[in-house]
Trainee: 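Submitted below is the structure of interest, expressed as structure tokens.
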Amino acid sequence: MSRYWGLLLLLFLLGCQNSTTEKIPVFAWTGGPGDASDEAILSKFKTWKAYGIDGLLYNGGHDPATYARIGKIAKSADLAFHTWIPTMVQAKTDAIQAEWYGINRKGERALEKPAYVDYYTFLCPNHEGVYQYLSELYTSIAAVPEVDGVHLDYIRFPDVILARGLWDKYGLVMDKEYPDYDYCYGKECVDGFKAKTGIDILAEEDPSQVEAWKQYRYDLITSLVNRIAADVHAKGKEIHAAVFPGPHSVARRIVRQEWDKWELDAFYPMNYNDFYLEKPEWVGTVTKEGVDALAGKAPLYSGLFICPKPEAKTEENDPENHGLLPSELGTAISASMENGAKGICLFTPDRMTDAHWEAFQKAIYQSYSAH
């Protein structure tokens with residue numbers, strides 16, 4: 001079925017829905033605009049709205065003017081509009097000093113020797129200049145009238161242990177915390193930890209076994225998030241973040257995120273089951289963990305990773321091209337909602353096939369009761 005006729009069918013089905021039928025809230029990560037015209041962007045946004053998407057988390061760089069332009073288009077399509085901007089991962093510019101980048105246990109700076117991939121140029125959260133830079137970035141964009149809120153991403157340390165599904169891709173066995181991927185051992189962090197605890201972490205035989213050292217780094221990220229959140233709130237805008245699943249089972253263990261302590265308006269855990277070699281039902285398990293950890297302080301939206309080519313999934317070696325099949329999408333949505341999620345977030349609507357949209361429509365127009 002062509003996408004055009006598929007959309008007409010879904011619009012017909014939508015029109016047939018009983019007016020009292022509930023629809024779960026749906027957001028989507030997306031980005032651009034590239035060289036797309038306003039007309040093309042509006043057409044895409046209206047299509048997504050018709051499918052049942054309520055709001056966007058939009059990555060468009062650092063220029064507030066881009067978000068003013070795209071925000072106006074999103075509003076005309078009746079979509080909520082939030083900006084999606086990486087936090088700790090930043091390319092070197094004149095505004096960012098080289099010494100602000102994190103250092104691993106081998107003494108290598110992320111700017112010159114990033115872990116895993118070239119773009120993993122992570123900043124260290126223990127520099128006041130990093131906070132100032134990020135605060136100015138997010139508040140300048142929060143000041144744009146068309147922006148409903150800002151969405152943090154890569155708000156963490158580098159993965160000290162990769163998700164199990166990625167080990168083969170990078171040719172690694174990550175059965176413990178290895179020095180190459182263990183951050184941050186810059187002077188600010190080492191000295192700050194010693195001043196706080198009396199422990200010289202560089203003198204420890206195995207720093208990965210020092211629980212206070214882990215907590216110190218959890219707290220560095222938490223402090224940075226909460227300072228930025230206060231600044232964005234002062235602009236009258238919402239702030240939320242894409243986080244790893246958990247927080248305890250995954251996020252703290254592999255990226256130092258203790259996100260249940262963050263003062264945000266919502267949380268979007270990336271419950272990408274294929275990355276962890278898990279079935280769609282696992283999405284419900286980690287959703288419940290997150291909802292329980294938040295204890296009502298903020299809503300949780302379950303992030304779902306979509307398979308762009310379902311027919312080729314079994315032949316695809318790269319797990320970043322895996323994701324939920326159309327036959328699995330309804331299970332992941334119901335598992336999320338029945339375990340307390342406020343709604344879901346798609347990564348990404350551009351990866352959705354006609355079969356995905358059909359399964360999606362059936363799942364979002366349901367009433368779910370949390371266990």
Side-chain angles (χ1 to χ4, degrees), residues 1-60 66-84 146-149 151 238 266 268 299 301-310 323-334 336-337 341-368:
M1 181 186 297
S2 71
R3 187 169 294 275
Y4 173 76
W5 289 109
L7 176 59
L8 286 182
L9 175 60
L10 291 174
L11 287 173
F12 172 76
L13 293 173
L14 177 59
C16 292
Q17 295 283 347
N18 187 294
S19 61
T20 61
T21 299
E22 296 183 24
K23 189 187 83 67
I24 68 172
V26 179
F27 284 82
W29 286 292
T30 188
D35 57 3
S37 67
D38 289 4
E39 292 76 15
I41 297 169
L42 178 60
S43 177
K44 176 180 283 191
F45 287 0
K46 284 184 173 179
T47 297
W48 290 347
K49 178 67 178 181
Y51 278 136
I53 291 173
D54 301 296
L56 303 179
L57 309 174
Y58 192 90
N59 181 268
T66 298
Y67 295 110
R69 174 197 168 198
I70 304 302
K72 289 177 183 177
I73 299 172
K75 297 298 182 183
S76 66
D78 195 26
L79 290 167
F81 184 70
H82 302 262
T83 63
W84 169 32
E146 292 80 9
V147 169
D148 296 312
H151 186 70
E238 295 180 9
Y268 292 72
Y301 295 84
S302 180
L304 306 179
F305 195 73
I306 304 302
C307 181
K309 296 180 179 179
L324 293 165
L325 299 171
S327 60
E328 298 172 322
L329 183 55
T331 299
I333 291 173
S334 62
S336 299
M337 301 308 297
K342 173 71 173 179
I344 63 165
C345 188
L346 299 177
F347 185 93
T348 65
D350 284 320
R351 295 167 68 104
M352 296 275 281
T353 64
D354 288 340
H356 277 113
W357 286 121
E358 185 175 354
F360 171 81
Q361 283 274 316
K362 291 177 181 177
I364 65 171
Y365 288 97
Q366 300 285 340
S367 297
Y368 296 98

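Residues take their numbers from the sequence shown, with the count starting at 1.
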Trainee: Quickly, which of F27, W29, F347 forms a ring-ring contact (aromatic ring centres under 6.0 Å, His included) with Y301? Name it, please.
Mentor: F27
Trainee: Going through the distances and angles, do D38 and R69 end up as a side-chain contact (heavy atoms from CB on, under 4.5 Å)?
Mentor: CA-CA 9 Å; D38 289 4; R69 174 197 168 198; 2.7 Å; yes
Trainee: Verify the ring-centre separation between Y51 and W48: is it less than 6.0 angstrom?
Mentor: no
Trainee: Tell me, with the steps shown, if K44 and T30 meet side-chain contact (heavy atoms from CB on, under 4.5 Å).
Mentor: CA-CA 11 Å; K44 176 180 283 191; T30 188; 5.7 Å; no
Trainee: Side chains of residues 325-334: which donor-acceptor partners sit under 3.5 Å, not counting sequence neighbours?
Mentor:
unit_1	atom_1	unit_2	atom_2	d
E328	OE1	L325	N	2.9
S334	OG	G330	O	3.1
S334	OG	T331	O	3.1

Trainee: Heavy atoms only: give me the nearest G55-L79 pair and the separation to one decimal.
Mentor: N-CD2, 4.0 Å
Trainee: Given the rule in the side-chain contact (heavy atoms from CB on, under 4.5 Å) test, do F305 and R351 qualify, once you have shown the distances and angles that lead to the verdict?
Mentor: CA-CA 9 Å; F305 195 73; R351 295 167 68 104; 3.4 Å; yes
Trainee: If you take all heavy atoms of P299 and K342, which pair is closest and at what distance?
Mentor: CB-CB, 3.7 Å
Trainee: Enter the distance from I24:CD1 to S336:OG here, rounded to the nearest 0.5 Å.
Mentor: 8.0 Å
Trainee: Would you say the side-chain atoms of Y67 pair up with the backbone N or O of G60, donor to acceptor, closer than 3.5 Å?
Mentor: yes
Trainee: Looking at every heavy atom in both Q366 and K362, which two are closest together, and how far apart are they?
Mentor: NE2-O, 2.9 Å
Trainee: Looking at P33 and I70, what are the two nearest heavy atoms and their distance?
Mentor: CB-CD1, 3.8 Å
Trainee: Without swapping roles, check the side chain of H356 against the backbone of P310 for a donor-acceptor pair under 3.5 Å.
Mentor: no
Trainee: Which residue pairs satisfy the salt bridge (Lys or Arg N to Asp or Glu O under 4.0 Å) criterion with at least one member in residues 70-80, sequence neighbours excluded?
Mentor: K49-D78, K75-D148
Trainee: State the CD1-CD distance between I73 and E39, to the nearest 0.5 angstrom.
Mentor: 8.0 Å
Trainee: Can you check side-chain contact (heavy atoms from CB on, under 4.5 Å) on T47 and W357, steps first, answer last?
Mentor: CA-CA 11 Å; T47 297; W357 286 121; over 6 Å; no
Trainee: Any idea which heavy atoms bring F81 and A74 closest together, and the distance?
Mentor: CD1-CB, 3.8 Å
Trainee: Of all heavy-atom pairs between L42 and A77, which one has the smallest distance, and what is that distance?
Mentor: CD1-CB, 4.1 Å
Trainee: If you round to the nearest 0.5 Å, how far is CD1 of I53 from CZ of F360?
Mentor: 5.5 Å
